[in-house]
*Asks:* 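Got a structure here, written out as structure tokens. Questions coming.
Just follow the structure's listing: the first ligand is 1, and inside any ligand the first atom is 1.
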Amino acid sequence: MSRTLNVAMIGGGFMGKAHAMAYAAMPMFFWPAPAIPVRKVVVDVTDELADEGRRRYGFEESSSDWRAVVRRPDIDVVDIVTPNDSHAPIAVAAAEAGKHIICEKPLARTGDEAKTMLDAVRRAGVIHMVAFNYRRTPAVALARKYIEEGRIGEIRNFRGTYLQDWSADPDSPLSWRFQKKIAGSGSIGDIGTHVVDLARYLVGEIAEVSALVRTYNKTRPIQSGGLDKLGAAEKNAGVERAEVDVDDEVVTLLKFADGAIGSLEVTRNAYGRNNFITFEIHGTKGSIAFNYERRDELQVMFADDPADARGFRTVYTGPAHPYGSGLWPIPALGIGYSETKIVECYDFFSAIASGKQPSPDFEDGYRIARVADALIDSGESGGWVKVRE
Ligand code: NAI
Ligand code: SOE
């Protein structure tokens, strides 16, 4: 019999919806479940918002006091789905209370802040995970499997992108994602870190970066509510504006510790691109290419294919591939964003059940935060910057 674990989820916005859905759905997909999540209490900034979260997301209780909730003896897991500035205080308090922690990305606003979180979970000996869910797409996990099996040989080059357009309109509002004191950075922390996670997962540690960092939309209309509605469609012409003090675009070269090289392009200004997370990896025996907007598919080319069949071919992920036994029974039936969160939940609860740290954990989140720091420093200095240990 799977044991039950009580979850306190802090934050009830976009990610609150995604995580609550995964708690409900995970045992339906992965059965027997490693442990069964109980949606115990949801926390938001006001009692009204928290109660709305309770009714909407199926939690038993609600609260507007995360400090009291994370100390409750009946809580096993603390799930941090708030904007980035509250990740560290909540995680440190939860670790001190001995709770297992899953925290949304980026782990923190800076590498130094992430280090305080890593130190706290290490001291407490709890299970910890950072919610970089895109690596849980079966096609991405399949790419890793091929690489581990040596199917494309030694990796020489990684080319990654994360292109969006939801904030390309300069009249879309100044939500928390455009404020350094809350977000830490802009496109770098918000979306660039996802691809840094993929690069580290698939290729290895990033040692040095040389980046061009830009803020094209230097002011935006002041937003009235706290929730980020990710609103390109929301028109605010005429509303009082304030300064954007974070980046909205970065292009960088990468040097990996093992000698591979690469590049990464990240922007929220790319009209026509929605969630365009791509990578192409070239090795000494073949290549792999992935585009999240076609996430059931992995493009592969093996150099030893017969000469008359050389070229990229499409593998549609299904039961024969990573996580396939728990997901859908026919390839290409359709993997969505939700499935990545369900798989993430499965891996996190499996880690708690087995007592073994999952990946990416807070150490990965910390190292990724150091890459983000290096990108910002390089953008300012205009030269190569080594990623701090
Ligand atoms: P959001 O703005 O939609 O929701 C944030 C929620 O947290 C709101 O309900 C807000 O009232 C609440 N909140 C804020 N401060 C709080 C506090 N101190 N205590 C309790 N509740 C608080 O934000 P969203 O998009 O859900 O982002 C949350 C986190 O998730 C961020 O770190 C973000 O980077 C990350 N994220 C990750 C995604 C992924 O694909 N893995 C996708 C979207 C966001
Ligand atoms: C906005 O850029 C956003 O919601 C990010 O915060 C998420 O991490 C990304 O996965 C989707 O886009």
*Asks:* Determine whether the side chain, the backbone, both or neither of Lys105 has a heavy atom under 4.0 Å from any heavy atom of ligand 1.
*Replies:*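 Contact part for Lys105 vs ligand 1: both backbone and side chain.
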*Asks:* Between Asp44, Asp85, Thr46, Ile10, which one has a non-hydrogen atom sitting closest to atom 11 (O) of ligand 1?
*Replies:*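 Looking at heavy atoms only, the winner is Asp44.
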*Asks:* Run down the list Lys341, Arg177, Glu104 and name the one with the heavy atom closest to atom 43 (C) of ligand 1.
*Replies:*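 Result: the heavy atom closest to atom 43 (C) of ligand 1 is in Arg177.
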*Asks:* At the 4.0 Å heavy-atom cut-off, does Tyr162 count as touching ligand 2?
*Replies:*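 The answer is yes, since Tyr162 has a heavy atom less than 4.0 Å from ligand 2.
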*Asks:* Whether Arg135 engages the ring of Phe132 as a cation-pi pair (distance to the six-membered ring centre under 6.0 angstrom, angle to the ring normal within 45°) should be assessed.
*Replies:*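 Geometry flag: not set, cation outside 6.0 Å or 45°.
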*Asks:* Should the proximity of Asp190 to ligand 2, defined as any heavy atom under 4.0 Å, be assigned to the side chain, the backbone, both, or neither?
*Replies:*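 The answer is both.
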*Asks:* Kindly confirm or rule out a cation-pi arrangement of Arg220 over Phe178, judged by NZ or CZ under 6.0 Å from the six-membered ring centre and within 45° of its axis?
*Replies:*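 Ring-cation test returns yes.
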*Asks:* Show which atoms of ligand 2 fall inside a sub-4.0 Å distance from at least one heavy-atom site of Lys105.
*Replies:*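 Close to Lys105: 5 (C), 6 (O), 7 (C), 8 (O).
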*Asks:* What part of Trp66 sits under 4.0 Å from ligand 1 if we count only heavy atoms: the side chain, the backbone, both or neither?
*Replies:*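 Within the 4.0 Å criterion, Trp66 contacts ligand 1 through side-chain atoms alone.
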*Asks:* Between Tyr316 and Trp328, is the ring centre distance below 6.0 Å?
*Replies:*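 Centroid separation for Tyr316 and Trp328: 6.0 Å or greater.
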*Asks:* What I want to know is whether Tyr134 and ligand 2 share at least one N or O pair that is separated by under 3.5 angstrom.
*Replies:*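 Right, the criterion is met.
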*Asks:* Please determine whether any non-hydrogen atom of Phe132 lies less than 4.0 Å from an atom of ligand 1.
*Replies:*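 Contact check Phe132 vs ligand 1: negative.
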*Asks:* Ignoring hydrogens, just give me the one of Val45, Ile90, Asn133, Thr340 whose non-hydrogen atom is nearest atom 15 (N) of ligand 1.
*Replies:*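 Nearest option to atom 15 (N) of ligand 1, by heavy atoms: Val45.
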*Asks:* Work out whether the distance between some heavy atom of Glu104 and some atom of ligand 2 is less than 4.0 Å.
*Replies:*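 No, Glu104 has no heavy atom closer than 4.0 Å to ligand 2.
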*Asks:* Does ligand 1 have an atom that lies less than 4.0 angstrom from a heavy atom of Lys17?
*Replies:*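 Flag not set, Lys17 not near ligand 1.
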*Asks:* Does ligand 1 have any atom that is closer than 4.0 Å to a heavy atom of Pro106?
*Replies:*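 Distance cut 4.0 Å: Pro106 passes for ligand 1.
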